[in-house]
Student: 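Here it is, the structure in full.
Positions are given from 1 along the sequence. Ligands are counted one by one from 1 in listed order, and the atoms in each one are counted from 1 as well.
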Amino acid sequence: MRDDAAGFADMTDLPAGLRTRLAADFRLRALEVVSSTPSRDGSTSKLLLRTHDGNLIESVSIHEGRGEFDGSTPSGGRLRQQLRPGATVRHRHTACISSQIGCAMACQFCASGLDGVVRNLAAVEIVEQLLLLRRLHGPVSNVVFMGMGEPMANFEQVAGAITTLCGDDIGLSARRVTVSTVGVVPGIRRLVDLGLPVGLAVSLHAPDDALRARLVPSARSWSVAAILAAADAYAAQAKRTVTYEYVLLDGVNDGEDEGQRLGELLRGRPAKVNLIPYNPVPDLAATFQRPSRSRVARFRAALQRYGVPTTIRTAKGDEVAAACGQLRRRSLD
Ligand code: SAH
């Protein structure tokens with residue numbers, strides 16, 4: 001069977017009668033596409049998917065770069081500064097996939113946790129998100145577990161899915177798969193046992209336990225120090241730099257002081273930071289705001305003074321609600 005067959009009807013190597021009987025009695029796919037919404041520039045698409053038991057999940061397709069740089073691409077100024085015309089820019093197609101229906105972690109700024117967790121996704125439901133994104137939007141080069149859910153709260157199924165994604169049939173390199181966790185220390189330790197050098201991203205969001213506990217309720221179980229120790233151990237084992245995600249919330253955790261303390265914390269560690277200016281969640285409008293560009297720049301500069309590599313995640317797909325459980329919520333309403 002072609003693994004991207006849309007249904008039994010596509011299996012033209014089977015007799016027509018058998019195809020009809022199969023379609024009547026069995027389902028080929030664990031997930032059904034409810035909608036696929038592209039962003040205005042077409043680089044990002046958000047998929048809303050329905051599970052066999054009628055729940056909704058989200059996956060996002062993100063295209064970046066292009067195959068060949070001809071010196072005049074709209075993808076822009078930055079590339080132009082780094083590369084001579086004619087140089088090749090690797091095209092990246094990232095599948096951002098979900099590990100749970102909803103989320104139990106209740107991070108204060110995140111839409112996925114507003115209604116709690118419904119259930120864990122099965123490994124097949126996780127893998128199929130990639131198969132669907134691939135069929136609709138082309139070959140996938142990278143996978144990030146940054147959709148709905150906390151991967152470490154569904155470790156067995158996530159591990160099974162990763163094993164399949166990196167197996168012979170799909171053939172992704174473990175180096176192109178990233179698991180993002182709110183900081184579940186036992187999960188980070190178990191990731192070592194998986195024996196595949198997947199990337200680890202840790203959602204830190206604060207340089208100390210007190211501020212972190214306000215934003216991330218699950219922080220009460222694991223201190224910043226314990227998370228960093230587990231992440232350092234993983235980095236050493238997997239021989240990989242850990243990415244620390246930090247959502248910037250205006251006036252809450254985005255001061256120069258916090259930037260400096262984060263720098264002190266991560267200095268000399270196998271770490272890089274991905275700053276994510278807050279994506280407004282309609283239901284949380286009154287609670288948090290996205291900081292101004294200049295505040296983001298000051299925070300970044302504070303970190304860089306400590307030699308910590310820092311990138312700012314550009315908001316892609318805002319208008320398709322391609323952030324963090326928002327589309328599902330809108331559909332549930
Ligand atoms: N449970 C995993 C995956 C979550 S989604 C984790 O916590 O890492 C990936 C990232 O998006 C996390 O860092 C999460 O904190 C962040 N995020 C959630 N809601 C957001 C919002 N409204 N704006 C910006 N980033 C958000």
Side-chain angles (χ1 to χ4, degrees), residues 46 57-60 62 94-117 120-121 126 129 142-155 157-158 177-185 187-188 191 198-206 211-212 214-219 221-222 224 227 230-231 234 242-250 252-254 262 272-291 296 299 311-318 320-330:
K46 180 110 178 186
I57 60 168
E58 303 176 5
S59 316
V60 189
I62 304 154
T94 302
C96 175
I97 60 180
S98 294
S99 57
Q100 296 184 300
I101 300 170
C103 187
M105 295 300 147
C107 299
Q108 296 299 290
F109 45 81
C110 178
S112 293
L114 284 170
D115 302 308
V117 66
N120 286 337
L121 290 177
I126 297 172
Q129 293 172 63
N142 297 66
V143 169
V144 296
F145 282 84
M146 293 185 187
M148 287 191 330
E150 167 51 42
M152 301 304 192
N154 182 19
F155 193 92
Q157 300 301 313
V158 167
V177 176
T178 298
V179 177
S180 178
T181 175
V182 74
V184 178
V185 168
I188 297 173
L191 204 54
V198 295
L200 173 67
V202 176
S203 298
L204 204 58
H205 309 321
L211 177 56
R212 196 162 190 270
R214 276 174 49 203
L215 303 174
V216 180
S218 63
S221 307
W222 301 288
V224 169
I227 292 170
Y234 183 78
V242 172
T243 301
Y244 290 92
E245 294 162 278
Y246 196 104
V247 174
L248 290 166
L249 306 163
D250 191 33
V252 177
N253 67 350
D254 68 336
L262 186 63
K272 61 184 176 210
V273 173
N274 190 209
L275 298 174
I276 319 173
Y278 170 63
N279 263 309
V281 176
D283 296 285
L284 300 172
T287 321
F288 298 114
Q289 256 92 55
R290 179 184 293 184
V296 173
F299 190 95
T311 52
I312 299 171
R313 189 179 301 170
T314 48
K316 282 190 164 206
D318 274 16
V320 289
C324 322
Q326 295 182 25
L327 188 64
R328 166 173 177 264
R329 256 189 92 66
R330 194 191 281 165

Student: Using modelled atom types only, decide if a donor and an acceptor are shared between the side chain of Asn253 and the backbone of Val247 within a distance under 3.5 Å.
Tutor: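 Here the side-chain-to-backbone pair exists.
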Student: I need the atoms of ligand 1 closer than 4.0 Å to a non-hydrogen atom of Ser203, numbered in the order shown.
Tutor: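 Selected atoms, number and element: 6 (C), 7 (O), 8 (O), 12 (C), 13 (O).
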Student: Among Cys110, Gly147, Pro277, whose heavy atom sits nearest atom 4 (C) of ligand 1?
Tutor: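 Comparing heavy atoms across Cys110, Gly147, Pro277, the nearest one to atom 4 (C) of ligand 1 lies in Gly147.
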Student: For ligand 1, which part of Asn279 has a heavy atom less than 4.0 Å away: the side chain, the backbone, both, or neither?
Tutor: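 Under 4.0 Å from ligand 1, Asn279 contributes backbone and side-chain atoms.
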Student: Work out whether the distance between some heavy atom of Met148 and some atom of ligand 1 is less than 4.0 Å.
Tutor: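 The answer is no: ligand 1 sits nowhere under 4.0 Å from a heavy atom of Met148.
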Student: If we ignore hydrogens and angles and just use 3.5 Å, is the side chain of Ser98 paired with the main-chain N or O of Met148 as donor and acceptor?
Tutor: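 Checked: pair present.
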Student: State whether the shortest distance between N or O atoms of Arg313 and N or O atoms of ligand 1 falls below 3.5 angstrom.
Tutor: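 Not met; the criterion fails.
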Student: Polar-atom distance check: Phe109 versus ligand 1, any N or O pair below 3.5 Å?
Tutor: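 So ligand 1 has an N or O lying under 3.5 Å from an N or O of Phe109.
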Student: Do Glu245 and Ser180 have side-chain N/O donor and acceptor atoms under 3.5 Å apart?
Tutor: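 Ser180 and Glu245 do have a side-chain donor-acceptor pair below 3.5 Å.
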Student: Taking Gln157 for the side chain and Leu121 for the main chain, is one N or O donor matched with an acceptor at less than 3.5 Å?
Tutor: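 Absent.
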Student: With a 4.0 Å heavy-atom cut-off (strictly under), which part of Thr181 contacts ligand 1: side chain, backbone, both or neither?
Tutor: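 For Thr181, the contact with ligand 1 is made by the backbone alone.
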Student: Counting only N and O atoms by type, is there a donor-acceptor contact under 3.5 Å from the side chain of Tyr234 to the main-chain atoms of Val242?
Tutor: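 Pair absent, no side-chain N/O of Tyr234 close to backbone of Val242.
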Student: Below 4.0 angstrom from a heavy atom of Val182, which ligand 1 atoms are there? Numbered from 1 as shown, please.
Tutor: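 In order of number, 6 (C), 7 (O), 8 (O).
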Student: Check Val281 against ligand 1 and report side chain, backbone, both or neither, counting heavy atoms closer than 4.0 Å.
Tutor: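 Val281 to ligand 1: side-chain contact only, backbone stays beyond 4.0 Å.
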Student: Checking the side chain of Asn154 only, and the main-chain atoms of Gln100 only, is there a donor and an acceptor separated by less than 3.5 Å?
Tutor: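 No, the answer is negative, given that no donor and acceptor are paired below the 3.5 Å cut-off.
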Student: Look at the aromatic rings of Tyr278 and Phe288 and report parallel, tilted or perpendicular, splitting at 30° and 60°.
Tutor: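 Ring orientation of Tyr278 relative to Phe288: perpendicular.
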Student: Pull out every atom of ligand 1 sitting under 4.0 Å from any heavy atom of Gly149, numbered as shown with elements.
Tutor: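 Checking each atom against Gly149, I get 1 (N), 2 (C), 3 (C).
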Student: Mark yes or no for whether Glu150, through its side chain, and Val182, through its backbone, hold a donor-acceptor pair below 3.5 Å.
Tutor: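 Confirmed, Glu150 side chain pairs with Val182 backbone.
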Student: Quick check: does any side chain N or O of Arg290 sit under 3.5 Å from a backbone N or O of Pro280, one acting as donor and the other as acceptor?
Tutor: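 No; judged by distance alone, with no hydrogens or angles, the pair does not exist.
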Student: For ligand 1, note which part of Met146 has a heavy atom under 4.0 Å away: side chain, backbone, both or neither.
Tutor: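 Contact part for Met146 vs ligand 1: both backbone and side chain.
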Student: Checking contacts here: is it the side chain or the backbone of Met105 that comes within 4.0 Å of ligand 1, counting heavy atoms only? Could be both or neither.
Tutor: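 Near ligand 1, Met105 shows nothing, with every heavy atom at 4.0 Å or more.
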Student: Considering both backbone and side-chain atoms of Tyr278, is one of its nitrogen or oxygen atoms within less than 3.5 Å of a nitrogen or oxygen in ligand 1?
Tutor: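 No - when backbone and side-chain N and O of Tyr278 are compared with those of ligand 1, no distance drops under 3.5 Å.
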Student: With a cut-off of 4.0 Å, which atoms of ligand 1 are near a heavy atom of Ile276?
Tutor: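 It comes down to these atoms of ligand 1: 24 (C), 25 (N).
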